[in-house]
Asker: 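First the structure, which I've put down as structure tokens, then a few questions once you've had a look.
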Protein chains: 2
Amino acid sequence: MKKSSIADVANLAKVSKSTVSQYLNNRFNYMSDETKQRIEHAIKELNYQPNIVARSLKQKKSSTIGVVLSSILHTFSTKVIRSIEDYFQERGFHIILCNSDDDPEKERNYIVMLRAKQVDGLIVFPTGHNKDLYQFMLNEAFPVIFIDRTVSDIHADAILLDNEKAVFAAMKHFVENNHKRIAIVGNAPSLNITTRQERLQSYQNAIKQFNLPFDKELIVEAELGLLSKKVGKLFTLQSPPTALLAINELSFLEVLHYIKVVKLDVPNDLSLISIDDIANADIFTPSITTVSQPVYEMGEKAAELLYHRIMNKEKHIESQTFRFSPRLIIRESSAKNRKS
Amino acid sequence: MKKSSIADVANLAKVSKSTVSQYLNNRFNYMSDETKQRIEHAIKELNYQPNIVARSLKQKKSSTIGVVLSSILHTFSTKVIRSIEDYFQERGFHIILCNSDDDPEKERNYIVMLRAKQVDGLIVFPTGHNKDLYQFMLNEAFPVIFIDRTVSDIHADAILLDNEKAVFAAMKHFVENNHKRIAIVGNAPSLNITTRQERLQSYQNAIKQFNLPFDKELIVEAELGLLSKKVGKLFTLQSPPTALLAINELSFLEVLHYIKVVKLDVPNDLSLISIDDIANADIFTPSITTVSQPVYEMGEKAAELLYHRIMNKEKHIESQTFRFSPRLIIRESSAKNRKS
DNA sequence: TTGAAAGCGCTAACAT
DNA sequence: ATGTTAGCGCTTTCAA
């Protein structure tokens, strides 16, 4: 039993294909009740389902968007996808999901393929290493939104955390609690990810601003997997840090892993804050002080911007960058410094 | 500057569309080097990208599969998606992601739409409430794989945890540690989710098998959000439980939340085990004993089965159910009962 | 109020 | 070794 097409419905209902098409698209302006009934009946009879691929081909739009993530195994990404899906689901769009793993090559392939599949737009966590491709899309006014990171010289819409604020909020909290030796820990130094760069830069700015002595030994950067070991070195320093700021969830988890292994007492030995959303931060013991992102709003804004661009493809829209304000959520992992 | 089509390439290269099509599909058997060069050049010149929607229409396949999850905000789902994506990415397939939120209505709409988009197959975490639709797909031999749960009377492939083993492993561990009053906590009693049903049933079986007195007050079921309160009641019992088994991640998190609020001492006041993957189970304090699922293998198996069905659509393939063995990972949250 | 016909961009059978 | 042609299933313009 082959799948039936609009032609089959037309035959059975004894009308033309175009009339059926009208019916399918709810254009009843001129349709007689009787025809309507007959078509309705034929559709039921044949179990007919319109073929959206054919429609897409004709209409040159797919009602599908692509999302290229760095990794889905990341709380922030998960929540962003969720909010994007909620937004687009209401508007009849579907989402194709791809993981770039922060591999520029994979990112490129995915973007090319998604466009070949005629997605109407893209939301990308950019690796930052495919500038020609990003620029190419902008040149053809193909709707692209960056989220979480941006790319220098590429004027696409970007949804970002106000990283400066985030770092300052954490640093201020530390300073107010009498911490002077504050370490910062980050991953993926090999990639040009603006988020990482901005957070590290802000750390240095904050050090100055709060009149703390700068010590580059307190800046720890390494690829995931190597981070624990490097964090360990912090505690062999003459004067080890009393506070530590993790740049994101992945770094934080490695730090916490180390802490668990060597049984450091948080917050008495070390105060801890992480930027980013940490899964279950509130029910850790101690619960984790975080500088959290308004994830849902960020995802929604990305979706909204993209949708707007898709719906107004002919118009030129200036690209915009949105910086969302983080929120310091003080929990148990950060406390007064009792060491000095 | 309009997008160019295969016809534009053909014109520019002064060959026919079919030749270009041959080129695109790497069928060089009979192609002269010169034509090849010319086509190659024209493609570069025009920045040509094939339109996969058109190809899909013609070939009646989309190289896209749909995944209908209950929720992406669930560690198990996240990891399953990840492994499915890894599998299909290597084979040139893309994945459309949808969240049903365990709402049968949403599930139905998604499945219908995904099929209208001509996905080649589906992987579904079934709500269990759209049997007619599941059966309809099976009747037309449309490739569908169930994962995490199955649906009674519906003979689709299913990838499941061996829930009996999972519950018995946890119960055995409790019993060996001298626990007699063992509670079980689960969510979503309103839905016919086989996973929940099997785990609860196995609990009762285990109680018998281990010769423990059965007490239905130790079985706590409620919708998420109401669970904490009901768990609280356990500790107002004459003889409260010394051990507790959470049926899945979501239940577990509510339990842990409660424990955190009332400051129960785990494992001294209460030993705790959760079935399912808990994000960061290993770095909680205390770290959490879990009965973990071989998630990656399960996702991969689902992908593999689906791929196999897609590639052999004409053949009839008997449906199979795969039960994967869980693994008890003993961590700090479960210990000897010192209360009796 | 409905129908005929063209065309979206591609593939594939067949012809040359 | 390459070209011609029909057709995938739909929408849309124009005609009736």
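Here is the naming used below: chain letters follow the sequence lines, and residue numbers restart at 1 for every chain.
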Asker: Can you tell me how far P of C/dT1 sits from OH of A/Tyr23, to the nearest Å?
Answerer: 17 Å
Asker: Round to a whole Å and report the spacing from CD1 of A/Ile39 to P of C/dT1.
Answerer: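 Taking atom P of C/dT1 as the reference, CD1 of A/Ile39 is at 14 Å.
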Asker: How bent is the helix from C/dT1-D/dA16 to C/dT16-D/dA1, comparing axes over its five end pairs at each side, to the nearest 10°?
Answerer: 40°
Asker: When we call it a touch if two heavy atoms are under 4.0 Å apart, what does A/Thr35 touch: a base, just sugar-phosphate, or nothing?
Answerer: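 Result for A/Thr35 = sugar-phosphate.
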Asker: Just by modelled atom types, is the A/Gln320 backbone N or O under 3.5 Å from a matching donor or acceptor in the A/Asp157 side chain?
Answerer: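 Checked: pair present.
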Asker: For atom NZ of A/Lys61, is the number of surrounding heavy atoms from other residues, nucleotides or ligands below 6.0 Å larger than 12?
Answerer: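 For A/Lys61, atom NZ is not crowded (no more than 12 foreign heavy atoms under 6.0 Å).
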Asker: Output the rounded distance in Å from NZ (A/Lys117) to P (C/dC8).
Answerer: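 After rounding, the gap between these two atoms is 23 Å.
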Asker: Do B/Glu304 and B/Lys301 touch side chain to side chain, with heavy atoms closer than 4.5 Å?
Answerer: yes
Asker: C/dT1 C1' sits how many Å from A/Gln37 CD, rounded?
Answerer: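 Computing the A/Gln37:CD to C/dT1:C1' distance gives 16 Å.
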Asker: Side chains of B/Asn139 and B/Gln135: any donor to acceptor distance under 3.5 Å?
Answerer: yes
Asker: For a quick test of your reading: what N or O donor-acceptor pairs under 3.5 Å do the side chains of residues 40-53 of chain A make, sequence neighbours left out?
Answerer:
| unit_1 | atom_1 | unit_2 | atom_2 | d |
| --- | --- | --- | --- | --- |
| A/Glu40 | OE1 | A/Tyr23 | OH | 3.4 |
| A/Asn51 | OD1 | A/Val53 | N | 2.8 |
| A/Asn51 | OD1 | A/Ala54 | N | 3.1 |

Asker: Could you check whether any side-chain N or O of A/Ser71 sits under 3.5 Å from a backbone N or O of A/His74, counting only pairs where one atom can act as donor and the other as acceptor?
Answerer: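 Checking the backbone N and O of A/His74 against the side chain of A/Ser71, no donor-acceptor pair under 3.5 Å is found.
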Asker: Walk along nucleotides 5-16 of chain D from 5' to 3' and tag each nucleotide B, S or - by protein heavy-atom contact under 4.0 Å, base first, then sugar-phosphate.
Answerer: --BBBBBB----
Asker: Do B/Ile65 and B/Ile310 make a side-chain contact, defined as non-hydrogen atoms from C-beta onward lying under 4.5 Å apart?
Answerer: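 They are in side-chain contact.
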Asker: Report yes or no: do A/Lys131 and A/Ser152 form a side-chain donor-acceptor pair below 3.5 Å?
Answerer: yes
